[in-house]
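So you know, we letter chains A, B, ... as the sequences are listed, proteins then strands, and number each from 1. None of these values were measured; they are calculated from a predicted model.
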Protein chains: 2
Amino acid sequence: MITIKEIAKLANVSPGTVDRVIHNRKGVSEKTAQRIRQILKEHDFKVNRIAQSLAMKKKYTIAVLLPNHDEENQFWKNPLEGIQKAKEEVMSFGVDVKTFSFDQKSPKSYVASFELLLKTNPQGVVLVPTFKKETKELTKVLLKKEIPFIFLNIALTGHENLCFVGQDSFKSGYLAAKLMQLCLNENDHILTVHSRPNLSNVNNISQRIEGFDHYFKEQKLNNTNHKIEVEDFWDAEKFTEKIASLLQKQTKIKGIFVPNSRAHIIAKHIEGMRGRIPYLIGFDITDHNSRALIDGKITFLISQKPFQQGYRSVSSLSKFLLYKTPPQSEILSPIEIITKENLPNGQQKEYAIFP
Amino acid sequence: MITIKEIAKLANVSPGTVDRVIHNRKGVSEKTAQRIRQILKEHDFKVNRIAQSLAMKKKYTIAVLLPNHDEENQFWKNPLEGIQKAKEEVMSFGVDVKTFSFDQKSPKSYVASFELLLKTNPQGVVLVPTFKKETKELTKVLLKKEIPFIFLNIALTGHENLCFVGQDSFKSGYLAAKLMQLCLNENDHILTVHSRPNLSNVNNISQRIEGFDHYFKEQKLNNTNHKIEVEDFWDAEKFTEKIASLLQKQTKIKGIFVPNSRAHIIAKHIEGMRGRIPYLIGFDITDHNSRALIDGKITFLISQKPFQQGYRSVSSLSKFLLYKTPPQSEILSPIEIITKENLPNGQQKEYAIFP
DNA sequence: ATTTTTATCGTGTGCGCACACGAAATCAAT
DNA sequence: ATTGATTTCGTGTGCGCACACGATAAAAAT
């Protein structure tokens with residue numbers, strides 16, 4: 001690995017001049033600049049990132065705004081862990097990461113947390129744009145302050161975000177349909193259980209449903225797809241009543257599609273029923289879902305690698321701040337098919353980074 | 001992040017002394033050592049890896065020995081790319097990576113490449129122990145020279161290797177069986193096509209078959225499993241003859257299991273046949289397999305993340321050499337289920353590292 | 001011709017750490 | 001008490017780079 005000093009010697013200039021050329025700083029005559037560029041190319045010079053980050057005294061702050069997690073809704077635990085892992089890694093590079101959380105059901109807490117976030121004077125922001133209208137306000141502020149921002153998990157459009165880190169929800173629903181078809185025979189029926197389109201996550205979940213439906217349309221399959229809306233997954237009485245009556249009426253239902261992370265609840269509620277247990281396809285590897293999968297109550301889970309998503313969001317932004325290299329506009333995580341047989345044991349935190 | 005110099009000031013000693021304590025070097029009285037250790041703990045001191053690797057003048061060489069790849073057998077392309085990616089990353093840390101390849105069918109080239117490899121005086125070795133007997137000789141040499149080594153992709157036992165990076169072949173075969181079962185009805189038959197147990201890869205492939213068979217035994221399913229041995233996958237005449245006659249005789253065969261990366265050849269050979277195309281389950285995302293998957297000729301591919309495997313083998317070894325932190329004894333990559341619908345577009349080189 | 005401005009370049013310092021070298025202090029041997 | 005051996009510690013340098021500062025040379029203005 002050739003160094004700046006060596007390049008300088010070859011070009012009969014000082015290291016400072018080479019530095020200027022490398023970073024396109026002014027103060028170098030075009031003649032010598034070209035000569036140096038030539039030598040740099042010839043020797044395939046690459047800056048030593050290690051030395052660079054040691055020498056760079058500039059410090060950055062990245063602020064992250066994401067929903068909090070609890071026992072009932074565990075999904076956001078994994079992205080947070082990915083974010084924290086990334087935080088450890090970028091620390092040595094002079095990047096500090098501060099996280100702020102909000103209540104998924106409260107636009108007010110979303111905005112309030114954002115206000116707090118702003119006070120840290122971040123040079124970059126990662127956010128989960130849960131609320132459409134409010135997000136418009138926030139991004140307006142960020143744009144005015146010229147703070148670059150990344151959307152995590154929810155792909156809102158028309159916001160001049162630096163990039164989106166998440167999954168292709170439509171495709172994942174499409175895949176779910178394919179798997180469902182593999183399980184079913186021609187005349188079997190399907191049940192799609194979705195929660196009332198509440199404030200959050202509307203995008204992802206409705207896109208999954210669209211993808212699912214699209215597959216069956218495209219393949220010209222005519223399995224009947226019953227759809228049911230559940231207001232509160234945990235309202236056992238109403239829930240069981242609704243589901244049970246439907247399943248008893250429609251005995252042809254052989255597969256259930258749950259386009260959110262609460263498949264385990266369905267699993268719980270239908271386990272007592274008589275007759276063959278239907279195939280169940282859900283999303284996300286939460287603890288609850290894992291258990292239901294292991295117990296054979298869920299057939300497939302589709303995972304979106306939330307840990308990696310969290311990780312990538314801050315690592316990409318750090319990279320952008322440090323080296324001005326813009327990330328791809330979409331960083332899509334692979335759509336993973338998880339069964340009882342390939343469920344990763346332990347948390348799936350393939351540590352991404354060296355060391 | 002507190003620095004050595006600051007610790008030194010707090011302890012009324014010089015930075016050199018703190019350095020000695022941190023690295024357990026001799027030359028410090030027990031009294032002051034304890035005092036310093038106390039302060040280190042109080043302030044949760046962590047060495048700045050960035051500065052450390054810049055200061056460390058010690059250079060390491062890692063040598064990698066793996067099978068070469070060609071048009072016919074593309075599998076080893078991906079691990080190699082992972083290795084090269086890791087090479088770029090660890091370069092800044094003072095680790096050089098040199099790769100050596102051999103012919104998968106020639107134990108002689110295996111040994112010959114190893115001889116060349118030794119001449120680079122590596123401090124660590126990554127190798128794919130394709131040949132059992134010869135490997136015993138090689139590891140004997142490495143042990144005598146006290147060079148740590150890692151097995152990649154093939155898990156030989158009894159070799160005092162530092163660790164194994166690869167997949168759980170038994171489990172992946174087991175998973176293949178589960179998927180097969182999902183596709184089939186009760187009385188359908190299965191065909192397992194495997195190449196003649198030649199010299200290489202015996203381990204992985206036979207373990208996949210064992211896993212596959214074990215699933216059906218365990219689940220007490222009695223789908224008949226026809227087994228066929230093919231000497232040369234590309235010997236079209238013999239091949240088609242064998243397969244075709246079998247498929248025509250056994251019309252109940254509805255699923256084909258190919259426990260190696262050559263499912264695409266089967267796909268090619270059976271496409272002309274009359275009647276319904278059977279379900280086909282194979283391994284590894286090679287270009288050929290991808291195409292067959294997209295064309296709908298392969299139902300499932302099971303992937304072992306070869307890029308990541310290559311990457312992890314050298315990153316783990318580098319970490320060990322640099323910081324003396326031994327890796328886990330087994331680094332198992334997730335067993336991925338790939339269908340037409342979730343095939344990653346482009347190469348799946350989720351760049352693992354920052355930056 | 002002299003001064004001022006500007007373009008062009010070299011020098012020096014420090015980031016946090018590893019490590020060689022040597023100084024001081026302590027101890028042992030005579 | 002003197003010398004020698006040994007333990008204990010401080011100092012200095014360099015890793016490769018960024019960047020501030022200042023020096024020199026060239027151009028422009030007087």
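In this structure, CG of A/N48 is placed 18 Å from P of D/dG14, rounded to the nearest angstrom. Rounded to whole Å, the distance from NZ on A/K31 to P on C/dT8 is 11 Å. One interatomic measurement links the two molecules: OH of A/Y60 to P of D/dA18, which rounds to 12 Å at whole-angstrom precision. In this structure, the CZ atom of B/F93 is 16 Å from the C1' atom of C/dA18, given to the nearest Å. Distance CD1 (A/I50) to P (C/dC15): 18 Å, rounded to an integer number of Å. One can place CZ of B/R49 at 20 Å from C1' of D/dG16, the figure rounded to the nearest angstrom. For the pair A/L54 CG and C/dA18 P, the interatomic distance rounds to 12 Å; values are reported in whole Å. One can place CE of B/M56 at 14 Å from P of D/dG16, the figure rounded to the nearest angstrom.
Both A/Q52 and B/T17 lie close to DNA chain D; mapped to their nearest nucleotides by heavy-atom distance, the more 5′-ward contact belongs to B/T17.
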request  = With salt bridge (charged side-chain N to carboxylate O under 4.0 Å, His left out) as the test, would you mind laying out the steps for A/E30 and A/R37 before giving the verdict?
outcome  = CA-CA 10 Å; A/E30 190 50 36; A/R37 269 194 285 270; 2.9 Å; yes
request  = Apply side chain to side chain contact (heavy atoms under 4.5 Å, CB included) to B/H69 and B/N78, showing your working.
outcome  = CA-CA 9 Å; B/H69 64 273; B/N78 280 334; over 6 Å; no
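In the set D/dC17, C/dC9, C/dC17, D/dC17 carries the atom at the smallest distance from any side-chain atom of A/T3. Among C/dA18, C/dC17, D/dA18, the nucleotide with an atom closest to any side-chain atom of B/R25 is C/dA18. Distances from the side chain of A/D19 to the nucleotides D/dC19, D/dG16, C/dT11 place D/dC19 closest. Comparing D/dC17, C/dC17, C/dC9 against the side chain of A/S29 picks out C/dC9 as the nearest.
Cation-pi geometry between A/R49 and A/Y323 is met: the NZ or CZ atom falls under 6.0 Å from the ring centre, inside 45° of the normal.
No more than 12 heavy atoms of other residues, nucleotides or ligands lie within 6.0 Å of NZ in B/K119, so this atom counts as exposed by the packing criterion. Within a 6.0 Å radius of NZ in B/K41, other residues, nucleotides and ligands contribute 12 heavy atoms or fewer.
At least one side-chain nitrogen or oxygen of A/T32 sits closer than 4.0 Å to the OP1 or OP2 atom of C/dC9.
Within the nucleic acid shown, A/R20 comes within 4.0 Å of at least one base atom, counting heavy atoms only.
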